[in-house]
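Atoms within a ligand are numbered from 1 in the order they appear, just like the ligands themselves.
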Amino acid sequence: MIHRRQFLLSLGAAGILAGSRRSALAAAMDHGLPAAEATPGFDPHVELSLRAEPGTAAMLDGAPTAVWRYSGSVLKGPADALGFLDGAGHIPVIRVRRGQRLRVHFDNALPEASIVHWHGLNIVQRMDGHPMYAIDPGQRHVYEFEVGNRAGSYWFHPHPHERTSWQVYQGMTGMLLISDEEEEAAQLPAGEQDLALVIQDRSFDGGNQLVYLNNVRHNWMMGFAGERVLVNGRADYRREVARGAHRVRLFNGSNATLYHLRWSNGAPFTVIGTDGGLLARPVEQPALTLGVGERADVWVDFSGLEAGASVQLLAESWTPSLQHFTSEQLGLPLVDGARLIASFVATAQQIPVQALPAQLSTPPLPVLEQAVNASAPRRIEISMMMGSPRLNGRSFGAMDEVHDSDRVKLGTTEVWEFVNEGGMGMGMGMGGMMQMAHPMHVHNVSFRVLSRTRSAAASATHQHLATGFTDHGLKDVVLVLPGERVQVLMAFENHAGLYLYHCHILEHEDLGMMRNYLVET
Ligand code: C2O
Ligand code: CU
Ligand code: CU
């Protein structure tokens with residue numbers, strides 16, 4: 001019966017798809033694969049329905065904004081397994097524990113193909129949301145997996161080839177928060193004192209509707225930059241906080257913009273976690289530089305504020321070509337040279353502050369001595385020759401194409417070196433255009449940042465941004481600045497299969513700055 005229903009739904013969808021803007025190639029590629037269905041032997045602890053669909057969101061004061069969004073409900077498990085950030089709004093947050101089996105019925109009610117990628121998870125290929133698994137409108141893909149990652153702030157987003165940037169921009173982003181015993185032992189601020197902030201920039205027309213890049217290749221190369229910064233889907237984000245310690249999970253969910261964050265009162269950030277969960281020990285730093293996809297968990301004590309007083313999170317925002325946004329470009333005043341991202345306003349409620357433990361966790365960092373290629377790292381050269389963003393001279397090709405240099409062995413540990421030293425090329429026909437910063441992401445693994453090297457002296461901009469790098473702990477995105485070579489170390493454990501690595505500037509990813517890699521047994 002299920003088969004019959006899906007069949008009818010896909011017939012209805014065919015008409016919508018005919019009018020969609022997807023390339024014929026992308027359409028042809030994902031049709032060969034049947035959508036994954038629920039397996040009877042899999043007994044989930046948490047079962048969710050998740051639907052991608054058009055809707056509206058209250059992003060600005062006044063008229064609602066038309067968006068594409070995830071909605072859903074809990075079919076089995078604790079009621080808070082699926083919620084929405086700040087209780088309302090359009091950004092879902094899934095909460096699971098390490099070791100739980102999760103089943104998600106993903107329904108595509110968009111007018112074009114989509115698929116969900118669980119960013120940061122170590123997971124079998126079939127559940128990773130590779131674009132080859134994109135499902136058509138009206139179809140369902142059932143995800144089933146055991147949550148193996150350690151506690152941390154992960155996220156999910158669409159990954160259909162050439163449409164990721166558009167779909168995320170329309171509103172499709174979710175957080176996936178994993179907890180575990182190790183995290184509980186650290187006794188961090190929880191419940192109302194555990195906040196997640198998704199930072200995204202957008203442009204609006206006079207009627208509060210989203211405006212995206214027009215279809216000019218140069219705009220795509222530069223990446224989208226918006227005048228307004230939204231936090232959790234809201235402009236002018238303001239949040240009441242008790243006067244006590246909080247855990248604030250910061251996440252850059254923008255398409256291309258990178259942020260250099262600081263507190264308005266000049267306090268340093270106390271970083272307790274990054275992409276892959278808690279650090280061994282807290283790290284203090286004056287600023288936080290977050291490229292697209294990067295997360296930083298910070299601990300902050302609001303107990304010194306008077307009731308009614310506030311502290312602001314400020315950000316300089318930079319385009320991938322490292323142009324700092326000015327007030328004129330933004331049409332909004334800057335505060336002390338930066339944009340106002342969020343205000344935290346103290347309530348009268350006082351909460352006793354529990355000191356942060358000196359040892360937060362024991363992250364399972366890969367060990368350099370175990371690398372099979374420490375003396376000759378796997379080199380990934382980033383280039384933008386001839387107006388085409390490439391990795392090792394190649395763009396994303398056929399869905400399952402793997403180059404010989406992109407094969408790794410299951411059970412091995414490797415050093416990868418992202419090289420961003422040139423390759424803008426004359427072919428752009430745009431003399432004087434700068435090289436770009438690229439946040440590089442690898443699916444299916446968490447890595448450790450080993451080193452950053454520069455071929456020439458660092459510019460003032462570079463030195464400035466470097467004060468906020470979050471290269472600690474386990475990462476799955478690393479920002480690679482122009483002129484830089486960044487080495488990362490990762491272990492390919494648990495799953496053989498086909499995965500991706502790519503620039504997480506969504507426009508670059510969609511232009512093909514993405515490659516498959518194969519984990520072989
Ligand atoms: Cu956020 Cu291909 O990933
Ligand atoms: Cu990913
Ligand atoms: Cu890029």
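Using a 4.0 Å cut-off between charged nitrogen and carboxylate oxygen, Asp406 and Arg378 do not count as a salt-bridge pair. A salt bridge links Arg515 with Glu401: the closest approach of a Lys/Arg side-chain nitrogen to an acidic carboxylate oxygen falls below 4.0 angstrom. Remark: Arg452 engages Asp471 in a salt bridge, criterion side-chain N to carboxylate O under 4.0 Å. Taking a cutoff of 4.0 Å between a charged side-chain nitrogen and a carboxylate oxygen, Glu421 and Arg485 qualify as a salt bridge. The residues Lys475 and Glu294 are annotated as salt-bridged, a charged nitrogen and a carboxylate oxygen being separated by less than 4.0 angstrom.
For Arg394, there are no salt bridge (charged side-chain N to carboxylate O under 4.0 Å, His left out) partners at least two apart in sequence or on another chain.
Between Asp510 and His161, the shortest heavy-atom distance links the atoms O-CE1, 3.9 Å.
His502 and His504 have their aromatic ring centers within a separation under 6.0 angstrom. The distance between the ring centers of His130 and His443 does not fall below 6.0 angstrom.
Here 3 is the count of protein N, O or S atoms positioned under 2.8 Å from the Cu ion (ligand 3), waters not counted.
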Result block: side-chain N/O donor-acceptor pairs under 3.5 angstrom for residues 66-73, not counting sequence neighbours:
| unit_1 | atom_1 | unit_2 | atom_2 | d |
| --- | --- | --- | --- | --- |
| Ser71 | OG | Glu53 | OE2 | 2.7 |
| Ser73 | OG | Ser49 | OG | 3.3 |

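Listed by chain and number, the protein atoms of type N/O/S under 2.8 Å from atom 2 (Cu) of ligand 1 are His159 NE2, His443 NE2, His502 NE2; waters are omitted.
Residue His119 does not count as close to the Cu ion (ligand 2), with no N, O or S atom under 2.8 Å.
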